[in-house]
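Working notes, beginning with the structure itself.
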Amino acid sequence: MYFCRSNFIIMSQRIKIKALLESEQTDIQVLVKGWVRTFRNNQFIALNDGSTNGNLQVVVDFENTDPALLKRITTGAAISASGTLVASLGKGQKVELKASAIEVLGDCDPETYPIQPKKHSLEFLRENAHLRFRTNTFGAIFRVRNSLAFAIHQFFQERGFVYLHTPIITASDAEGAGETFHVTNFDLANPPKDDTGAVDFKEDFFGRPTNLTVSGQLEGELGAMALSDIYTFGPTFRAENSNTTRHLAEFWMIEPEMAFYDLNDNMDLAEALLKYVIKYALEKNVEDIEFLTQRLLDEEKQKPQQDRSEMTLIEKLQFCLNNDFERLTYTEAIDILKESTPNKKKKFQYPVEGWGTDLQSEHERYLVEKHFKKPVILTDYPKQIKAFYMRQNETDMNGNETVRAMDILFPGIGEIVGGSQREERLDKLEQRMDEMGIPKEELWWYLDTRRFGACPHAGFGLGFERLVLFVTGMGNIRDVIPFPRFPKNAEF
RNA sequence: UCCUGAGUAGCUCAGCCGGUUAGAGCAUCUGACUGUUAAUCAGAGGGUCGCUGGUUCGAGCCCAGCCUCAGGAGCCA
């Protein structure tokens, strides 16, 4: 960080390895600190400090170094090294540090340290999630995740959106977005009961049943009805017993809500956001994405030819930037699927027959990966399979009832964004809530926005981990969040 | 939750039809070498075969239940 143009370095200041590796200067005195990746030949330390995927080679003058100190330079040990940055005498790196002093800051017993200088499976590293940051793969993933998070804020801030913090604890379970985690202060072995023998939540902390939020959308809409454009970016919780590579019990979601937006504006914004943040990561995390691209190539070498992707990770990301997402209605998608080869040859597990049922993931995958071969935005889904707050379309000439919904489908991920134009007409909204059995009394505050100065508006939810999954090319969502929460697992 | 597969050394795995002392590679340790890049070479240590029960003269292997993991499905973001 203290890299001055004048070749002058403050020796007492530690320099991050990323800055050193990018440096054009040599023959300067520097101080570095980091963790040993490998120690080869009693001479060469591959040192990493997390600032970049690359290691700095620290060369030790082993003949003039205390053997007891050399023994303590083990994989995983934290060390401090100072010396001269010189052009490397060996191949494989431009510069290296000729060490004049080395201090072991934290020893690391190689007999018991789980991370060995060898390849580890992702499953093993998941069980050692507290240490997996120290691997190349997870270093790259979490630096990319960081960039994406920053880019999301930057995108919205540049457009005048207000970052709104919606509550984590809520009393409404009305949205029906999934099973909730209960929040209570009760002694679960002995909760207070009322006259009928039911648990008496009047005695609980909030005086009513509460749960962790499944979505900040409804509260987000309240903000949009005054601030015009808001976004949330926070954790959400679903107690679904989902055991897949695409679901977590705790995940982060970005939920913008925009007043005076219709569905087209909504789609434009979502597409622009995705392209913006992918572009940002591609530019900001060049080495990380190159590393992850190579990692994916190596992984795919183990698969049979037909299961390998046609594009590398970088190519996929660039392809995403350079092409408009395909936009079509649910009804058009059903027509395509009905006429598709796999449907005619009965290759689908769930044959596509009529209008009105939800698409299975095999159908979404066909549209995205085989038919269009690019991200797809599906709109105007049947009203019966979508949430109560979505704006109802006029019944079409075939008598089909649809809502102004949109889902963005990504290759390998499936649904990454789900959104809609919201129903701003009070009578329509109330009627739909009645039909779906949603308690209007509980959502009186939500309905107030339709009573007082209602206006057309829209919004969407973007699953952050699914985005990270796509940009890193990883296959399991549990590998793109630092400490995954899923059924039967809350370690760390 | 359902379907399929898996659980054997620190890690990744092999282990035949149920039969003597359970193997390999990597990692670790010891020694050699000393401009290495997954260093190399020689040697050594390392096991409650997921758990519980059952069948059998005998179980890593067969059976039942449970636990955990992976992949797929559903729910979804």
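No experiment lies behind these values; they were computed from the predicted model shown. Just so it is clear: chains get the letters A, B, ... in the order the sequence lines come, proteins before strands, and each one is counted from 1. Both backbone and side-chain heavy atoms feed into the values below; hydrogens, waters and symmetry mates do not.
- Distance check on atom P: B:G53 versus B:G60 gives 15 Å, rounded to whole Å.
- Among the candidates A:F133, A:F251, A:F138, the single residue satisfying the ring pair (Phe, Tyr, Trp, His ring centres under 6.0 Å) test with A:F483 is A:F133.
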With 3.5 Å as the limit, what N/O pairs link the protein to nucleotides 1-5 of chain B?
{"residue": "B:U1", "atom": "OP1", "partner": "A:N241", "partner atom": "ND2", "Å": "2.5"}
{"residue": "B:U1", "atom": "O4", "partner": "A:N241", "partner atom": "O", "Å": "3.4"}
{"residue": "B:U1", "atom": "O4", "partner": "A:N243", "partner atom": "N", "Å": "3.4"}
{"residue": "B:U1", "atom": "O4", "partner": "A:N243", "partner atom": "ND2", "Å": "3.1"}

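- Side-chain N/O atoms of A:R466 and base N/O atoms of B:C76 include a donor-acceptor pair closer than 3.5 Å.
- Among pairs with a residue in residues 45-73 of chain A, those fulfilling salt bridge (charged side-chain N to carboxylate O under 4.0 Å, His left out) read A:R14-A:D49, A:R72-A:D107, at least two apart in sequence or across chains.
- If you take atom P in B:C11 and the same atom in B:A70, they sit 16 Å apart, rounded to whole Å.
- Between A:E415 atom CD and B:A77 atom P there is a gap of 5 Å when expressed in whole angstrom units.
- Applying the ring pair (Phe, Tyr, Trp, His ring centres under 6.0 Å) test to A:H165 and every residue at least two apart in sequence or in another chain returns A:Y163.
- Place A:R478 and A:K386 on RNA chain B by their nearest nucleotides, and A:R478 ends up nearer the 5' end.
- Contacts of A:K370 classified as side-chain contact (heavy atoms from CB on, under 4.5 Å), with partners at least two apart in sequence or in another chain: A:Y366.
- If you check every strand for non-hydrogen atoms under 4.0 Å, A:L248 touches a base.
- For RNA chain B, the residues of residues 354-369 of chain A within the heavy-atom distance limit of 4.0 Å (strictly under) are A:Q360, A:S361, A:R365, sorted by number.
- For the pair A:R126 CZ and B:U68 P, the interatomic distance rounds to 16 Å; values are reported in whole Å.
- Under the 30°/60° scheme for interplanar angles, the aromatic rings of A:F161 and A:Y261 are found to stand perpendicular.
- For A:R246, no side-chain nitrogen or oxygen approaches OP1 or OP2 of B:G72 to under 4.0 Å.
- No engagement by A:F237 is indicated, since no non-hydrogen atom pair under 4.0 Å with the nucleic acid exists.
- The residue A:F486 sits close only to the backbone: its heavy atoms come under 4.0 Å of sugar-phosphate atoms, none of a base.
- Annotation: B:A73 and B:A9 have their C1' atoms spaced 36 Å apart (nearest Å).
- By the salt bridge (charged side-chain N to carboxylate O under 4.0 Å, His left out) test, A:E271 is found to be paired with A:K275, A:R327, residues two or more places apart in sequence or in another chain being considered.
- An aromatic stacking contact between A:F464 and the base of B:A77 is absent, as defined here by ring centres under 5.5 Å apart and ring planes under 30° from parallel.
- Residue A:L89 is classed as a base contact, given a heavy-atom separation below 4.0 Å to a base.
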| task | Whenever both distances are under 3.5 Å in a Watson-Crick or G-U wobble pair, mark it; put RNA chain B into dot-bracket that way, with [ ] for crossing pairs and | when the partner is on another strand. | result | (((((((..((((.....[...)))).(((((.......))))).....(((((..]....))))))))))))....
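- Between the side chain of A:H247 and the base of B:C76, a donor-acceptor pair under 3.5 Å is found.
- Ring geometry for A:F150 versus A:Y280: interplanar angle of 30 to 60°, hence tilted.
- Electrostatic pairing of A:R432 and A:E435 counts as a salt bridge here, judged by a charged N lying under 4.0 Å from a carboxylate O.
- Residue pairs meeting the salt bridge (charged side-chain N to carboxylate O under 4.0 Å, His left out) criterion with at least one member in residues 245-254 of chain A: none, sequence neighbours excluded.
- When the P atom is compared between B:G45 and B:G54, the two are found 36 Å apart, to the nearest whole Å.
- Here A:R40 reaches the OP1 or OP2 of B:A39: one of its side-chain N or O atoms lies under 4.0 Å away.
- Per the geometry, CZ belonging to A:R238 stands 6 Å off C1' belonging to B:C76, to the nearest Å.
- Listed by first then second residue, pairs satisfying side-chain hydrogen bond (donor to acceptor under 3.5 Å, both in side chains) with a partner in residues 350-361 of chain A read A:T331-A:W355, not counting sequence neighbours.
- Comparing B:U4 with B:U20, their P atoms sit 33 Å apart, to the nearest whole Å.
- Taking the C1' atom of each, B:U21 and B:C63 are spaced 28 Å apart, rounded to whole Å.
- Less than 4.0 Å separates RNA chain B from at least one heavy atom of each of the following residues of residues 51-63 of chain A: A:Q57, A:F62.
- Nearest to the side chain of A:F44, among B:A73, B:G35, B:C69, sits B:G35.
- Screening residues 34-46 of chain A for salt bridge (charged side-chain N to carboxylate O under 4.0 Å, His left out) gives no qualifying pairs among residues at least two apart or on separate chains.
- With rounding to the nearest 0.5 Å, the separation of CZ in A:R145 from CE in A:M474 is 13.0 Å.
- Between A:L467 atom CG and B:C76 atom P the separation is 21 Å, expressed in whole Å.
- Looking at heavy-atom distances under 4.0 Å, A:R37 makes no contact with the nucleic acid at all.
- With hydrogens and angles left out, the side-chain atoms of A:S309 and A:E300 include a donor and acceptor closer than 3.5 Å.
- As rounded to the nearest Å, B:G23 and B:C3 have C1' atoms that lie 34 Å from one another.
- One can place CD of A:Q93 at 9 Å from C1' of B:U36, the figure rounded to the nearest angstrom.
- At whole-Å resolution of the value, CG in A:N64 and P in B:U34 are 15 Å apart.
- Taking every side-chain heavy atom of A:E96 into account, B:U36 is the closest of B:C29, B:U36, B:A77.
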Atom pairs under 3.5 Å, N or O on each side, protein against nucleotides 8-10 of chain B: can you list them with distances?
{"residue": "B:G10", "atom": "O2'", "partner": "A:Q116", "partner atom": "NE2", "Å": "3.4"}
{"residue": "B:G10", "atom": "N2", "partner": "A:Q116", "partner atom": "OE1", "Å": "2.9"}
{"residue": "B:G10", "atom": "N3", "partner": "A:Q116", "partner atom": "NE2", "Å": "3.0"}

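- Contact annotation: A:K91 does not reach the phosphate of B:A39 (side-chain N/O to OP1 or OP2, under 4.0 Å).
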